[in-house]
Amino acid sequence: MIKLHDKQFKPFLSEADIQQAVKKIADEVARDYKNKTPIFVGVLNGAFMFVSDFLKQYPHPCEVTFVKMGSYQGLTSTGIVETLLDISEDIEGRSVIILEDIIDTGRTLQQLVHLFSNTNVKEFKIASLFYKSEIYNGEYNIDYVGLEIPSSFIVGYGLDYNELGRNLREVYQLNQTDMINLVLFGKPGAGKGTQAGILKEKYNLKHISTGDVFRYNMKNGTELGKLAQSYIDRGDLVPDEVTIDMLKAEVEKNADAAGFIFDGFPRTAAQAEALDNFLDSKDMQVDATIALEADDEVLVQRLLERGKESGRSDDQDEEKIRNRFEEYNQKTAPLRKYYEAQGKFHSVNGIGEIDEVTKRLSKVIDSL
Ligand code: AMP
């Protein structure tokens with residue numbers, strides 16, 4: 001086990017595993033490009049070790065250059081990738097082969113494809129040492145893959161965690177066992193958002209509110225926002241596939257979090273199962289589901305009050321509020337059994353002063 005910044009990492013791939021993957025790609029490319037003198041384009045920073053070892057294994061004439069990409073992730077689920085160092089070589093009519101250390105969501109790759117689509121290269125191929133096939137959602141087909149790996153966070157051999165770990169000869173995986181992942185459960189107005197805001201500070205967790213992400217997207221007029229708007233306006237649930245994809249993207253954007261508070265997710269059986277499968281694929285799990293219980297009539301009053309302050313249209317109309325309760329009773333309440341069966345369900349009285357309720361929640365969390 002090694003420590004980088006605040007996180008523990010455990011061994012994942014040995015030097016031999018890595019070199020075998022490098023050789024696999026080098027052999028495949030060598031077979032296809034024997035007489036073509038390709039230009040290899042390494043993607044900085046992460047690929048520098050891979051490029052170096054790859055070239056030592058590549059037996060035929062070739063050239064090498066680099067581009068540098070940086071990705072910035074704001075609140076939205078689509079990160080923006082910037083080109084920091086452009087291609088300087090004359091690449092017209094040449095065979096270009098990108099050398100990437102890792103492909104996960106495919107955002108950087110998309111930007112690369114875009115970068116080269118404006119050039120007159122003869123052909124354009126992608127080789128990636130590591131490939132997270134489970135979470136790749138780009139259109140471009142990866143031409144050469146060294147090793148398919150699960151989607152957990154890795155460092156070493158050029159890859160970093162906040163710039164540390166690039167010098168490691170092996171690849172390490174984030175050790176997730178000390179994570180806490182909580183699901184806050186409860187009807188609209190039960191205080192999930194308020195309590196999550198307090199608990200995330202207290203326990204150093206990342207708060208993901210599906211409602212907040214939808215509202216952020218609606219406010220900014222994104223595709224996701226437009227899609228969600230009509231459902232939310234009626235007090236209906238947004239379809240599962242849309243919501244599940246969005247949730248996954250939010251978790252992936254925060255691969256280095258110490259744990260998550262899921263607020264407003266899952267709200268259906270399909271979402272609960274998807275969450276379990278997804279977390280499982282990342283060596284993570286839901287540790288506890290805590291329900292904030294409150295009486296319907298109290299909640300209606302709270303929501304109408306909140307609607308006046310926030311301007312949220314779904315909080316201003318009693319009929320929409322009652323429809324959301326109805327959705328909860330039909331689709332979300334049955335999840336209680338799902339989590340009870342796993343021994344993870346806890347119930348907390350949601351009526352009282354805010355810090356009273358926080359104390360009740362903390363008692364459950366501290367007992368985990
Ligand atoms: P909230 O802020 O959690 O009350 O969410 C506001 C609205 O966003 C809900 O009434 C739904 O229309 C939508 N929404 C939030 N989370 C989900 C979810 N997990 N599944 C489907 N729709 C959701």
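Start at 1 and go down the list; that is how both ligands and their atoms are numbered.
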- Query: Which residue supplies the protein heavy atom nearest to atom 19 (N) of ligand 1, what is that atom called, and how far is it?
  - Reply: Gly264 O, 2.8 Å
- Per salt bridge (charged side-chain N to carboxylate O under 4.0 Å, His left out), Arg324 is matched among Asp296, Asp315, Asp233 by Asp315
- Message: Side chain or backbone, does Tyr231 bring an N or O within less than 3.5 Å of an N or O on ligand 1?
- Response: no
- Task: Establish, yes or no, whether a centroid distance under 6.0 Å links the rings of Phe40 and Phe54.
- Result: yes
- Message: Could you identify the single nearest non-hydrogen protein atom to atom 11 (C) of ligand 1 and state the distance to 0.1 Å?
- Response: Asp236 O, 3.5 Å
- Closest protein heavy atom to atom 22 (N) of ligand 1, given as residue, atom name and distance to 0.1 Å: Val238 N, 3.0 Å
- Message: Under a 4.0 angstrom heavy-atom cut-off, which atoms of ligand 1 come close to Thr210?
- Response: 15 (C), 16 (N), 17 (C), 19 (N)
- Query: Within the structure, does Phe265 bring an N/O atom to less than 3.5 angstrom of an N/O atom in ligand 1?
  - Reply: no
- Under 4.0 Å between a Lys/Arg side-chain N and an Asp/Glu carboxylate O for Arg322 and Glu318? yes
- Arg312: numbered ligand 1 atoms lying under 4.0 Å from its heavy atoms: 1 (P), 2 (O), 4 (O), 6 (C)
- Task: For the pair Phe153 and Phe9, name the ring-plane relationship: parallel under 30°, tilted 30 to 60°, perpendicular over 60°.
- Result: tilted
- Message: Please tell me whether Val348 and Phe185 are part of a single hydrophobic cluster in this structure, the criterion being side-chain heavy atoms less than 4.5 Å apart.
- Response: no
- Query: Should the pair Lys10-Glu170 be classified as a salt bridge under the 4.0 Å nitrogen-to-oxygen rule?
  - Reply: no
- Would Ile208 and Val251 count as a side-chain contact (heavy atoms from CB on, under 4.5 Å) if you check the C-alpha gap in whole Å, the side-chain angles of each, and the deciding distance to 0.1 Å? CA-CA 8 Å; Ile208 300 182; Val251 173; 3.9 Å; yes
- Task: Would you mind finding which of Gln271, Gln229, Arg267, Met218 brings a heavy atom closest to atom 4 (O) of ligand 1?
- Result: Arg267
- Starting from atom 23 (C) of ligand 1, find the nearest protein heavy-atom neighbour and note its residue, name and distance. Phe214 CE1, 3.8 Å
- Item | Top protein contact for atom 7 (C) of ligand 1, by heavy-atom distance | Ile232 CG1, 3.9 Å
- Message: For the 3.5 Å polar cut-off, considering only N or O atoms, please tell me whether Arg215 and ligand 1 meet it.
- Response: yes
- Kindly indicate, with the supporting measurements, whether the criterion salt bridge (charged side-chain N to carboxylate O under 4.0 Å, His left out) is fulfilled by Arg267 and Glu327. CA-CA 9 Å; Arg267 264 177 154 111; Glu327 289 274 272; over 6 Å; no
- Please report which non-hydrogen protein atom sits nearest to atom 5 (O) of ligand 1, along with the residue it belongs to and the distance in Å to one decimal place. Gly211 CA, 3.6 Å
